[in-house]
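Only one structure is covered here, and it is reproduced in the block below.
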Amino acid sequence: AYAKDYPEEAKKSNAALELAAIYEEHRQFSLAAALLAETRDALPADDALKAELTSRLAEDYSALGDEEKAENEYRALLKNPLKTNSFRLSALGKLGETYEKKERWPQALEIYQELAQSAVQKDWVEAAKARVAYIKEKMSGNSASGVELSTPAVAAPAARKPAAKRKKP
């Protein structure tokens with residue numbers, strides 16, 4: 001209601017983001033997702049906040065058990081023009097891991113190759129290249145690399161800090 005009644009003030013303050021964080025803390029992911037989607041959709045494509053909100057949406061959908069929507073949000077980050085944005089890169093790692101679990105090797109390969117090309121942090125690049133090598137072996141029928149599928153796909157640092165604990169009055 002606040003955002004509709006006072007749209008300019010709502011944009012300047014982070015009221016919607018704070019409210020979404022509260023919803024997430026209370027595990028009300030459907031309310032958080034609706035608010036994040038509305039806020040995100042009002043932003044220009046090259047706004048860094050748009051990548052963060054899309055990533056949070058994917059996490060919320062995943063928490064709701066809606067893996068299809070989560071995957072769609074992660075895929076949306078592929079199109080984000082901010083190629084080195086940490087939220088985009090983290091989403092690529094999660095999407096690659098999702099494809100690996102589903103044994104969708106060509107898609108996983110494509111995602112990890114994109115991650116290796118886009119990342120600027122050496123550890124992200126190395127991890128993505130290791131997954132590319134493993135998947136190529138898997139697709140060719142070899143498993144000689146010794147890399148287990150159960151290993152984390154890309155150990156990306158957490159892109160978003162959890163919301164701060166709020167004191168009760």
Side-chain angles (χ1 to χ4, degrees), residues 1-64 66-100 107-132 152-166:
Y2 172 77
K4 289 180 183 175
D5 293 341
Y6 306 99
E8 289 306 311
E9 288 86 359
K11 281 183 191 175
K12 291 176 185 171
S13 74
N14 285 322
L17 302 181
E18 288 298 318
L19 183 55
I22 291 169
Y23 287 149
E24 289 168 335
E25 285 176 9
H26 292 278
R27 307 191 56 75
Q28 295 177 319
F29 298 111
S30 58
L31 293 172
L35 189 55
L36 291 172
E38 180 182 336
T39 305
R40 185 239 359 230
D41 293 345
L43 296 171
D46 62 347
D47 191 318
L49 182 58
K50 190 167 193 146
E52 177 183 352
L53 298 182
T54 302
S55 179
R56 285 176 64 184
L57 266 169
E59 291 170 12
D60 288 349
Y61 287 137
S62 186
L64 287 167
D66 193 337
E67 295 304 320
E68 184 178 339
K69 282 187 178 178
E71 184 178 324
N72 288 340
E73 293 298 334
Y74 287 134
R75 286 202 64 76
L77 282 166
L78 286 172
K79 300 172 190 163
N80 189 293
L82 305 173
K83 299 295 183 193
T84 60
N85 179 283
S86 62
F87 290 101
R88 179 182 181 275
L89 298 175
S90 180
L92 288 173
K94 290 175 185 178
L95 188 57
E97 189 173 6
T98 297
Y99 287 153
E100 280 191 72
Q107 292 93 339
L109 181 63
E110 175 188 349
I111 294 300
Y112 289 131
Q113 287 172 331
E114 172 68 23
L115 181 56
Q117 290 173 355
S118 299
V120 292
Q121 293 176 304
K122 185 179 177 182
D123 57 336
W124 287 32
V125 172
E126 289 174 1
K129 285 182 178 180
R131 298 317 297 169
V132 166
V154 178
R160 178 175 71 120
K161 295 179 184 175
K165 298 280 184 194
R166 287 170 179 70

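Side-chain atoms are counted along with the backbone in the values below, which use heavy atoms only and exclude waters and symmetry mates.
- Closest of all the heavy-atom pairs between Ala20 and Ala32 is O-CB, 3.7 Å.
- Across Ser62 and Ala70, no two heavy atoms sit closer than the pair N-CB, 3.8 Å.
- In this structure Glu67 satisfies the salt bridge (Lys or Arg N to Asp or Glu O under 4.0 Å) test with no other residue, sequence neighbours excluded.
- Arg40 is linked by a side chain to side chain donor-acceptor pair (under 3.5 Å) to Thr54, Glu73, counting only residues two or more places apart in sequence or in another chain.
- Every residue two or more places apart in sequence or in another chain was checked for a side chain to side chain donor-acceptor pair (under 3.5 Å) with Thr98, and none qualifies.
- Trp124 and Ser86 make their closest contact through CH2-O, 3.8 Å (heavy atoms, listed as atom of the first residue, atom of the second, distance).
- Listed by chain and residue number, Leu57, Asp60, Tyr61 satisfy the side chain to side chain contact (heavy atoms under 4.5 Å, CB included) test with Ala33 (two or more places apart in sequence, or in another chain).
- Using a 4.0 Å cut-off between charged side-chain N and carboxylate O, Glu97 and Arg131 make no salt bridge.
- In this structure, Glu25 CD and Ile22 CD1 are separated by 6.5 Å, a value rounded to the nearest 0.5 Å.
- For the pair Ala45 and Pro81, the tightest heavy-atom approach, listed with the atom from each and the gap, is O-CD, 3.5 Å.
- Atoms CD and OH, from Glu71 and Tyr99 in turn, are 4.0 Å apart once rounded to the nearest 0.5 Å.
- Here the OG atom belonging to Ser90 is positioned 10.0 Å from the CG atom belonging to Asn85, to the nearest 0.5 angstrom.
- Separating the NZ atom in Lys83 from the CG atom in Leu92 is a distance of 9.0 Å, to the nearest 0.5 Å.
- Among pairs with a residue in residues 108-117, those fulfilling salt bridge (Lys or Arg N to Asp or Glu O under 4.0 Å) read Arg88-Glu114, at least two apart in sequence or across chains.
- In this structure, the side chain to side chain contact (heavy atoms under 4.5 Å, CB included) partners of Leu49, at least two apart in sequence or on a different chain, are Leu17, Leu43, Asp47, Glu52, Leu53.
- For Ala63, the side chain to side chain contact (heavy atoms under 4.5 Å, CB included) partners two or more places apart in sequence, or in a different chain, are Phe29.
- Taking both residues in full, the closest heavy atoms of Gly96 and Tyr112 are given as C-OH, 3.1 Å, listed atom of the first, atom of the second, then distance.
- When side chains are defined from C-beta on, Leu95 does not count as touching Leu77, because their heavy atoms never get closer than 4.5 Å.
- Residues passing the side chain to side chain contact (heavy atoms under 4.5 Å, CB included) test with Leu109 are Gln113, Val132, Ile135, Lys136, Met139, sequence neighbours excluded.
- Minimum heavy-atom separation, Ser118 to Thr84: O-CG2, 3.2 Å.
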- Task: Would you please test Glu59 and Glu24 for side-chain contact (heavy atoms from CB on, under 4.5 Å) and show each step?
- Result: CA-CA 10 Å; Glu59 291 170 12; Glu24 289 168 335; over 6 Å; no
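- Listed by chain and residue number, Glu126 satisfy the salt bridge (Lys or Arg N to Asp or Glu O under 4.0 Å) test with Lys122 (two or more places apart in sequence, or in another chain).
- Taking NZ from Lys129 and CD from Gln117, the interatomic distance works out to 9.5 Å, rounded to the nearest 0.5 Å.
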